[in-house]
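This is a predicted model, so every value here is computed, not measured. Sequence lines set the chain letters: A, B, ... in the order given, protein chains first and strands last, and positions in each chain run from 1.
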Amino acid sequence: MAKIINVVKGTHDILPQEVEQWHILEKNALEIFSRYGYKEIRTPIFEVTELFARGVGDTTDIVNKEMYTFEKSERSLTLRPENTAGVVRSYIENGMSRLSPPVKLWYKGPMFRYERPQKGRQRQFHQVGVEMFGVKEPAADAEVILMAVDYLKSLGLDDLEVEINSLGCPKCREEFKNNLKAVLKPEFDNLCEDCQKRYEKNPLRLLDCKVESCKAIFEKPEIQKVIQSDFICEECADHFAKLKSYLDTMQVKYTVNKLLVRGLDYYNRTVFEIKSNNLGSQNAVCGGGRYDSLVKNLGGEDTPAVGWAMGMERLNALLPVPELKKLNGYIVSNSPVEALELAQKLRKEGYRIEFDLSNKKFTKQLEKASKVADYALILGEDEIKAGKVSVKNLATSEQKTVSIEELRSIL
RNA sequence: GCGCCUGUCGUCAAGCGGUUAAGACCUCGGAUUGUGGUUCCGAUAUGCAUGGGUUCGAAUCCCAUCAGGCGCCCCA
């Protein structure tokens, strides 16, 4: 036998028995998001590399070490690692800033990140996400979070934890970063290797380090004082307070997590995650926030925006696997022409029908019918002569001979 | 990129240096030439991820490679 070819590491097949789950995710997305006025958009799977470098941020891990990048005709192209940058590109390119705001878009599809696979993390994975453009008020943040919760509820997931935080605007965040670096400077040599890198690259990320020795350092009172301080400016604080009050009135349960930072550069003010306790260490099903400067950074007009993305594999991991639908009927017959005619007639009316294509023995056909269908439609010589069909309920073993018209009231 | 664990039929597995490589499920055939789901018989790995090595002898021990799992980092 020839050598077998396997799936690429970190990718996997979505097999027929699990595909119904995906249909549910997609159907509910379309249904729920359209209630909030969202329209679906589909952007290409690959884009010019520069889009992600400028969009996602070239200090991020995603851009630095996780992109599938290739050259074609002297252009550097990249398989999308996320879809916000692509949607923003399309928004700008298609002149959507001329549309009356807010512009609300949703998407679903595969994303690609070159990471070490583990539970809840593949190299090709799927996200469903939403982006809203043109509203700077906190009501937009609240609506977007509310919709995420609504969508999760529609899937039967209502025991998830919503965490929110505010990163402030570039101005006040810069101040906070400087304060944090200043107070940590004496401890720099005691930080773990990763934290020393973070100290330079992205000081906000220092806060959720899991190394015990670092945690201990962060517990020190003078450092806690900086971490716990409400560093954000008055405007940002007001935005955050309003968001919280909206969520309160809508009875969305949340916790404020001051350590919630998120790894993409484009976020400002509101960030949030929705987590599950049943997913292992990759426990976020949803992540998002506000990104008011991204559109401008990618060459568009200054446009505020909020959005989030959910990992569809992670959602599926929390959902039960639905049973595959059985056939309505399986035709048992040794007369292929008559069987085919009956099958086509019923299929045209919307029934799920199969019959034996290889003319096996009667008992074998019936055995097959009992496995795959609710009813066996027996079409033997007697039935054909009489212009009828014998219908057997395979669960109850009840059988009667009826005309094709009567058959419809049974199936 | 780093750390720990694991690779025996389509699936779940037993085996722990000398076996004919158990068993179960699935699949296929038969008992059963118009009545299934129960039952009973039978078939299906010259092969143990791949390549080396140790040994009289390797699925079993060692090394490398590949793949998978989990964790770190990061993220959905």
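When the shell of 6.0 Å around NZ of A/Lys244 is examined, it contains more than 12 heavy atoms from other residues, nucleotides or ligands.
Look at NZ on A/Lys197: it is 14 Å from P on B/G1, rounded to the nearest Å.
Separation of the C1' atoms belonging to B/A64 and B/U27 is 38 Å when rounded to the nearest angstrom. B/U60 sits 15 Å from B/A21 when the P atoms are compared, rounded to a whole Å. Straight-line distance between the P atoms of B/C62 and B/G18: roughly 16 Å, to the nearest whole Å.
Nucleotide B/G42 is matched to B/C28 when pairs are restricted to Watson-Crick or G-U wobble geometry with both distances under 3.5 angstrom.
Scanning residues 149-156 of chain A for heavy-atom distances under 4.0 Å to RNA chain B yields an empty list. For RNA chain B, the neighbouring residues in residues 369-380 of chain A, judged by any heavy atom under 4.0 Å, are A/Ser370, A/Lys371, A/Ile378, A/Gly380. Against RNA chain B, the stretch residues 317-330 of chain A makes no heavy-atom approach under 4.0 Å.
One N or O donor and one acceptor, one from the side chain of A/Lys392 and one from the base of B/U35, sit under 3.5 Å apart. Between the base of B/G34 and the side chain of A/Glu383 there is a donor-acceptor pair shorter than 3.5 Å.
In this structure, B/G47 is classed as syn because its glycosidic torsion stays within 90° of zero.
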